[in-house]
Amino acid sequence: MKAALRILASGVLIGAAAPAVAQERVDLLAIHRIKTEAFRNSQVMDHLFFLTDVHGPRLAGSPAYRKAADWSVGTMKKWGVADPRLETWGEFGRGWTLERFAAHMVAPSYMPIAGSPLAWSAGTQGAVKAETIIATLFTDETRKDRYDLEKLAALIEAWMTTHRGKLGGRIVLIDPVRELPPPTTAASERYAPEALETIARAPEPVPLDPLEWPIVRLPKDERKEHQMYTPAPIEMTADFWLRQTRIFDRLNAFLRDEGVVAVLTADRRGDGGLVFAEEAGSWERGAPIPPPVVAIQPEQYARLHRLTDRKMPVTIELEVRARIDESDPEGFNVVAEIPGGRKRDEIVMLGAHLDSWHAGTGATDNAAGSAVVLEALRILKVLGLPMDRTVRLALWGSEEQGLFGSRRYVAKHFADPITMKTRPDHARLAGYFNIDNGSGKIRGVYLQGNDMVRPIFAAWLEPFHDLGAATLTIDWTGGTDHQSFDSVGLPGFQFIQDPLDYSSRTHHSNLDVYDHVQPGDLMQASAIMASFVYHAATRPDLLPRKPLPRPLPPKKETAAAGSR
Ligand SMILES: [Zn+2]
């Protein structure tokens with residue numbers, strides 16, 4: 001039933017009469033029904049269970065990713081959503097699946113080793129035994145050189161020259177030992193009111209450096225470092241990461257050719273047995289595959305390092321079975337729709353990335369977001385609220401490797417991010433809402449520099465103030481799929497979320513599992529997501545946009561790019 005009760009939410013009033021902006025209509029009956037469905041009949045933790053315990057982890061290109069995508073399609077079919085499907089976006093690369101891992105220190109005494117092999121590194125030939133050797137690649141001082149590609153290439157070149165002929169048959173300890181001072185802050189937090197006030201404040205203007213192809217280093221001024229992550233066009237940023245990967249390819253080929261048995265690493269973050277694990281090799285077909293690279297608990301790494309450093313021979317027994325599969329290189333997203341009414345050609349999108357890293361089950365990054373957008377779609381479908389525009393859900397693939405799923409989708413459907421040539425649907429997208437900052441509840445929205453949407457979102461958030469969502473910031477945020485939309489001038493947004501233990505513990509770690517997700521937070525987020533989508537699908541106009549970005553200058557090649 002079409003909601004009868006449409007009221008005026010408080011617009012911003014200046015003086016006695018004239019509204020500063022047109023007042024935004026908020027449908028409180030629809031919000032009431034959305035909240036009731038989201039809080040009384042929630043299925044969001046059920047979605048999470050299937051995406052994590054059953055089908056996690058969901059590394060891009062892996063069979064588990066495909067199973068999670070198939071499960072999502074099958075589940076939405078049961079809801080009667082229109083045409084849930086896998087939509088390919090071109091070639092991703094190779095899959096990598098861990099089938100077995102066991103590691104033990106067997107001399108000078110016994111210690112079982114806990115860790116996680118890094119993605120796209122090789123397995124061992126059964127169980128192998130080898131002695132450790134220290135060969136530190138990055139010190140605390142040179143670690144930042146990873147973001148200066150000329151320095152990085154030189155550093156790796158020098159390291160290879162120093163260690164050529166010395167590492168064969170050994171297990172290499174490649175990281176320095178890190179001290180683990182006692183923790184002084186809580187591992188999990190919610191934003192206090194003062195923190196939200198800080199977020200709401202506009203950032204001080206800083207003159208940014210002009211960015212040109214290729215980006216080979218971060219700006220020297222720390223205040224400008226976010227230039228790499230946010231205002232920089234996403235295609236340039238992605239190009240930077242690709243160039244960095246090519247430089248690491250040279251290191252991987254060296255480790256393989258030298259006959260290194262394995263490499264052990266320890267992240268710069270975490271303690272208490274935490275293991276952070278991303279990739280060592282490249283997902284690109286044909287890239288050199290390094291020997292097994294295993295991230296281990298920092299405390300255990302430190303013990304191995306101290307013993308080796310004191311010249312006490314350390315022997316490790318290691319077995320890694322990892323399957324690299326190049327037979328299914330296609331990348332794909334999951335897409336589904338609720339068709340609109342009288343403006344069915346116009347689209348509102350909601351999305352989250354479905355792929356994950358592999359040390360845990362990818363619960364907070366980003367099964368949580370995927371469960372929220374699925375639940376929001378379920379709520380809208382079950383309630384049958386009439387909506388003028390078509391609502392389209394997307395679960396993106398290969399976000400973790402550089403937003404591939406969403407970038408290619410946007411290029412195919414909306415606009416070429418380099419030439420800025422637009423397609424017809426570019427003019428028909430009302431807005432895109434993304435959720436991918438952990439499992440914390442929604443506290444507000446990053447406006448991505450778009451002042452025109454502030455009064456609209458302020459009105460939409462008002463019925464959720466008592467659930468903790470009231471903050472708007474003009475600031476940008478990056479690192480996830482709304483950037484693909486924002487970078488071609490489409491109104492794409494990411495919500496502000498409570499941090500909980502996302503950056504301290506779960507982000508890309510072995511603790512990124514179901515138990516670190518809070519049901520109440522996901523229920524709140526599902527209701528807000530459903531309400532934002534509903535209002536974007538029913539308001540008279542599309543969301544206001546920033547002017548179109550200019551096309552990027554043509555690409556230039558440099559020596560720093562390296563070649564494999
Ligand atoms: Zn993520």
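Small disclaimer: the values here were computed from a predicted structure and weren't measured. Read the numbers this way: they start at 1 and go in the same order the structure lists the ligands and their atoms.
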Practice task
Run the salt-bridge test on E326 and R94 with the 4.0 Å N-O cut-off and return the result as yes or no.
Solution key: yes

Handout entry: Of all N/O/S atoms in D365, the name of the one nearest the Zn ion (ligand 1)
Key = OD1

Problem - Donor-acceptor pair between H358 and E278 side chains, under 3.5 angstrom - result: no

Problem - Considering only N, O or S atoms of H353, the one closest to the Zn ion (ligand 1) - result: NE2

Practice task
Output all residues satisfying salt bridge (charged side-chain N to carboxylate O under 4.0 Å, His left out) with D425, sequence neighbours left out; order by chain, then residue number.
Solution key: R428

Exercise for the section: Give a yes or no on whether K412 atom NZ has more than 12 heavy-atom contacts from other residues, nucleotides or ligands under 6.0 Å away. Expected result: yes

Exercise for the section: Would you check if the Zn ion (ligand 1) lies under 2.8 Å from any N, O or S atom of E400? Expected result: no

Handout entry: D436 atom (N/O/S) at minimal separation from the Zn ion (ligand 1)
Key = OD1

